[in-house]
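The basis for the numbers below is simple: all heavy atoms, side chains too, and nothing from hydrogens, waters or symmetry mates.
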Amino acid sequence: MEISEQQITKWELEHQSLRFKQYEKQIEKMQIDIATLKSLLPIIKEGCRHCLPGWAFMSSSCYYFPFTDTFYRTSWNEARQTCRRLGGDLAIINSREKHLGITRLISTNQDSATPMSQSGFWIGLRDVEEEGVWKWLDGTRLTEGFWNIGEPNNQNNEDCVAVYPKSNPFMSWNDAPCNYNLKWICEMAPRALR
């Protein structure tokens with residue numbers, strides 16, 4: 001009888017251990033969700049003061065992301081014209097912090113039904129002047145890129161760059177033909193504090 005009781009206690013311990021591990025996983029997921037939401041709070045609070053409605057404030061700039069499907073995908077040049085009409089230009093992602101903020105937002109808002117090939121966002125980087133010499137729209141040369149494995153590869157005359165929602169944000173850039181239709185990310189300077 002004592003052995004039978006020990007077996008039941010052993011099974012109960014295994015059961016409780018499994019439940020504990022499940023609770024730990026839930027806690028970890030909740031902590032990640034809380035951290036993500038906390039990182040968005042400054043965008044919500046500061047965006048109202050620094051950026052136009054619909055623009056997000058991150059890394060001392062205002063960014064516009066056309067996440068909804070009411071926006072059509074367009075070529076790099078048309079995307080740039082849209083950004084200019086809105087008062088900015090295609091985004092220049094020249095720091096780790098900007099890149100991580102942007103990739104976090106596009107990954108969080110990714111539509112899982114959209115094929116990966118169409119889920120990219122044009123940014124203000126290209127090598128149209130000289131193949132392999134990547135320059136931002138302000139004329140500065142690329143110093144650190146976050147290319148996907150095997151990119152840039154200039155397959156099919158790819159002179160423009162898009163950022164994609166990837167689990168590893170340090171491998172989220174691809175070169176693509178500039179006439180390919182994607183969404184885009186606009187950037188503009190924030191309004192002065194009042």
_Value rounded to 0.5 Å, distance of CG in Leu142 from CZ in Arg126_ = 14.5 Å

*With a cut-off of 6.0 Å (strictly less than), are more than 12 heavy atoms of other residues, nucleotides or ligands near CD of Glu14?*
yes

*Lys183 and Ile106: CA distance, side-chain angles, deciding distance, side chain to side chain contact (heavy atoms under 4.5 Å, CB included) verdict*: CA-CA 11 Å; Lys183 290 191 177 182; Ile106 66 172; over 6 Å; no

_With side chain to side chain contact (heavy atoms under 4.5 Å, CB included) as the criterion, how do Lys25 and Lys29 come out once you've worked through the C-alpha distance, each side chain's angles and the decisive distance to 0.1 Å?_
CA-CA 6 Å; Lys25 286 180 184 176; Lys29 184 186 179 310; over 6 Å; no

*Is it true that a side-chain atom of Asp175 and a backbone atom of Val161 form a donor plus acceptor pair closer than 3.5 Å?*
no

*Between Trp55 and Cys186, what is the shortest heavy-atom contact and its length?*
CH2-CB, 3.7 Å

*Look only at the side chain of Asp159 and the backbone of Val128, and say whether a donor-acceptor pair between them is shorter than 3.5 Å.*
no

*Crowded around Gln7 CD? As in, over 12 foreign heavy atoms under 6.0 Å?*
yes

_Between Asp138 and Thr140, a side-chain donor and acceptor under 3.5 Å_ = yes

*Verify whether the ring centers belonging to Trp147 and Trp134 lie closer than 6.0 Å.*
yes

_Using 30° and 60° as the class boundaries, would you call the ring planes of Phe146 and Trp173 parallel, tilted or perpendicular?_
perpendicular

_Phe170 to Arg96 - nearest heavy-atom pair and separation_ = CZ-NE, 4.0 Å

*Is there a side-chain contact between Tyr180 and Cys160, using heavy atoms and a 4.5 Å cut-off?*
no

*Looking at Ser61 and Pro190, what are the two nearest heavy atoms and their distance?*
CA-CD, 4.1 Å

_Approximate separation, where rounding is to 0.5 Å, of Ser17 OG and Leu13 CG_ = 4.5 Å

*If we only count heavy atoms from C-beta on, is the Pro169 to His99 side-chain gap below 4.5 Å?*
yes

*asked:* With a 3.5 Å distance limit and no angle check, can you tell me whether Thr103 reaches the backbone of Leu100 through a side-chain donor-acceptor pair?
replied: yes

_How long is the straight-line distance from CE of Met188 back to SG of Cys51, given to the nearest 0.5 Å?_
8.0 Å

*With side chains defined as the heavy atoms from C-beta onward, is the minimum distance between Arg19 and Tyr23 less than 4.5 Å?*
yes

_Sub-4.5 Å side-chain heavy-atom contact between Trp184 and Glu78_ = no

*Can you name the closest pair of heavy atoms from Phe57 and Cys62 and give their distance?*
CD1-SG, 4.4 Å

_Any Leu182 side-chain heavy atom under 4.5 Å of Tyr164 side chain_ = yes

*Specify the closest pair of heavy atoms between Ala79 and Thr74, including all atoms of both residues, with the distance to one decimal.*
N-CG2, 3.7 Å

_Interatomic spacing from CD1 in Ile123 to CZ in Arg80 - rounded to 0.5 Å_ = 13.5 Å

*Using the side chain to side chain contact (heavy atoms under 4.5 Å, CB included) rule, pick out the option among Val163, Ile185, Leu90 that qualifies with Trp122.*
Leu90

_Value rounded to 0.5 Å, distance of CD1 in Ile93 from CD in Glu144_ = 12.0 Å

_Euclidean distance, Ile32 CD1 relative to Ile27 CD1, rounded to 0.5 Å_ = 12.5 Å

_Exceeds 12 heavy-atom contacts within 6.0 angstrom, atom CD of Glu28_ = no

*Given side chain to side chain contact (heavy atoms under 4.5 Å, CB included), test Leu105 with Tyr63 step by step and report yes or no.*
CA-CA 11 Å; Leu105 265 179; Tyr63 295 92; over 6 Å; no

*Would a 4.5 Å heavy-atom cut-off, applied to side chains only, mark Lys135 and Asp127 as touching?*
no

_Is there a side-chain contact between Ile102 and Phe121 in this structure, where contact means two heavy atoms from C-beta onward sitting under 4.5 Å apart?_
no

*Should we say atom CD1 of Ile8 is surrounded by more than 12 heavy atoms from elsewhere, each under 6.0 Å from it?*
yes

